[in-house]
Every structure is written in structure tokens, then in C-alpha cells.
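For reference, the structure discussed in these notes is given below.
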Amino acid sequence: RAPHFNADVTGWNLQNVTNMSYMFGGCSSFIGTGLSTWRVNDSTNSSSLDLHQMFRNCTNLGNNTDITISGTLWDLSSVISTQLMFNGCVNLGNNASVVFDDWNLSNCTNCGQMFNSTFGYNVTDYIPSTSQSMRNWTIGSSSTLTKCTSMFTDNNGAARAPHFNADVTGWNLQNVT
């Protein structure tokens, strides 16, 4: 863990990476500068990509910093897990836009608790963004069973993303549990 890491990650080349699980896990100072510029996973690479707990407990991710992770730059079609990917990112969308459009998670088998404890969870001075978008997601496929348990809640169904108000127009859910 590197709790004080907050570098600008603009220009990182991640086209042939296959495992980003825990990559920024516990980087509580990281606000996400430069994430929007990444090109992730070359579509010619047939390997699977693991994003499990990639940003878990990055408590300042998206705090006064716009975050755009677009499926046009992040090719997520080979992702196998986004479980707990943003879990604990309590300041995500705090006075900043969050745009996660066009995600293709058709080969992902686990999206469970992906946004648990985000979007102002237990943050008293949280200022909700008026620009939240998660349009045009594909989760699962006819050949892939995808677990989405507690994607925005805890295991008991309690709201854990209290200021989540994203546009989710165009979601395509197939074979999801």
C-alpha cells in the first residue's frame, strides 16, 4: 500500500497489462489525475484482464477531480472481474463529474460490490455532482454468468452509495445474478 501516492498518471501505457487488481488499493491520497488519458487493454490481446479491487479504499479518488473512464479508451471486453473495484472510494463524484460510459463487461464474471461505500458514503461535507453518467453498459452475455451482488449496496441491501444518481440509460444485462 502507498497511502500518500497521488501522482499524475497521464500517459501510462497499459495496453498489454493483464492484471490491475489492487493496483491503487489503499492509495487514500490518489485523486485520479490522468486516468482519463489511459488506453487500457489492446483489443488484439486475447488475455483476460482483472480489475478486482483496483481502486479499493482510494478515499479521495474523484474528490474535486473529474473522472472519465470511457469504454472507447478502456477496452474492457476481456475483463473477468470488477469486484470491489471502487469499494471505499467515498469521495467519488464529490464536487466533480464521474463519467463511466460505454463499458463492455460481457466477459466479466463478478461485478459484486463494485460501487459499495462510494458517492459520499459517511462523508458529511460531500457535494454531489450534477454530472454522473454510466450510460451504455453491457454486463454479462448469453455465455457468461455474471454476479452483480450488492453492486451499489452492502450485503444486507443497505444503501452504500447515497449520492449515486448516474444516468444508466442503455444498460444491457444478460445472464446476471
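Keep in mind that the numbers below use all heavy atoms, side chains included, and drop hydrogens, waters and symmetry copies.
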Side-chain heavy atoms of L76 within contact of L51, under 4.5 Å: yes

Close side-chain approach of M134 to F115, heavy-atom, < 4.5 Å: yes

Contact check, side chains of W137 and N172, non-hydrogen atoms, under 4.5 Å: no

Heavy-atom side-chain proximity of T82 to L105 below 4.5 angstrom: yes

S29 and N60: CA distance, side-chain angles, deciding distance, side-chain contact (heavy atoms from CB on, under 4.5 Å) verdict: CA-CA 6 Å; S29 297; N60 278 300; 5.5 Å; no

Positive for side-chain hydrogen bond (donor to acceptor under 3.5 Å, both in side chains) with N87, one of Q113, Q53, R56: R56

From CA spacing to verdict: side-chain hydrogen bond (donor to acceptor under 3.5 Å, both in side chains), S129, S131: CA-CA 5 Å; S129 169; S131 180; 5.0 Å; no

Cluster check L35, I31: I/L/V/M/F/W/Y, side chain < 4.5 angstrom: no

Linked, directly or transitively: V79 and M54 (ILVMFWY side chains, under 4.5 Å): yes

Minimum-distance pair of heavy atoms, taken over all atoms of P128 and H163: CG-ND1, 3.4 Å

Non-hydrogen side-chain atoms of W38 and L73 separated by less than 4.5 Å: no

Whether N91 side chain and T59 backbone form a donor-acceptor pair below 3.5 Å: yes

Taking every non-hydrogen atom, the tightest pair across T10 and T37: CA-OG1, 3.4 Å

Working for side-chain contact (heavy atoms from CB on, under 4.5 Å), residues S48 and T18: CA-CA 6 Å; S48 57; T18 58; 6.0 Å; no

Shortest non-hydrogen contact from S142 toward N175: O-ND2, 3.6 Å

Close side-chain approach of D50 and S21, heavy atoms under 4.5 Å: yes

Single-linkage hydrophobic cluster, 4.5 Å side-chain cutoff, V17 and V9 together: yes

Considering all heavy atoms, the nearest F5-C27 contact: CB-SG, 4.1 Å

Joint cluster assignment, I80 & L173, ILVMFWY side-chain distance < 4.5 Å: no

Joint hydrophobic cluster, V98 plus L84, side-chain heavy atoms closer than 4.5 Å: no

Residues forming a side-chain hydrogen bond (donor to acceptor under 3.5 Å, both in side chains) with Y121, sequence neighbours excluded: R160

Which residues share a ring-ring contact (aromatic ring centres under 6.0 Å, His included) with F100, sequence neighbours left out: F86, W103

Minimum-distance pair of heavy atoms, taken over all atoms of S70 and T72: OG-OG1, 2.7 Å

side-chain hydrogen bond (donor to acceptor under 3.5 Å, both in side chains) involving S141 - partner list, sequence neighbours excluded: S143, T144

Full working for side-chain hydrogen bond (donor to acceptor under 3.5 Å, both in side chains) between S97 and D66: CA-CA 5 Å; S97 69; D66 295 340; 3.3 Å; yes

From D102 atom CG to T138 atom OG1, the distance as rounded to the nearest 0.5 Å: 9.0 Å

Selection residues 112-140 - residue pairs positive for salt bridge (charged side-chain N to carboxylate O under 4.0 Å, His left out), sequence neighbours left out: D101-R135, R135-D167

Side-chain donor/acceptor of N94 to backbone N/O of I127, under 3.5 Å: yes

For residues 145-152, which side-chain donor-acceptor pairs fall under 3.5 Å, sequence neighbours excluded?
from: T146; atom 1: OG1; to: C108; atom 2: O; distance (Å): 2.6
from: S150; atom 1: OG; to: D154; atom 2: O; distance (Å): 3.0

Nearest-0.5 Å distance that lies between atom CG in L49 and atom CG in N107: 11.0 Å

Verdict with reasoning, W74 to R39, per side-chain contact (heavy atoms from CB on, under 4.5 Å): CA-CA 5 Å; W74 286 48; R39 293 193 65 81; over 6 Å; no

T118 vs C89 side-chain heavy atoms within contact, under 4.5 Å: yes

Flag side-chain contact, heavy atom, 4.5 Å: L61 against F30: yes

For S106 against S77, the heavy-atom pair lying closest together: OG-O, 4.4 Å

Which residues share a ring-ring contact (aromatic ring centres under 6.0 Å, His included) with Y22, sequence neighbours left out: H52

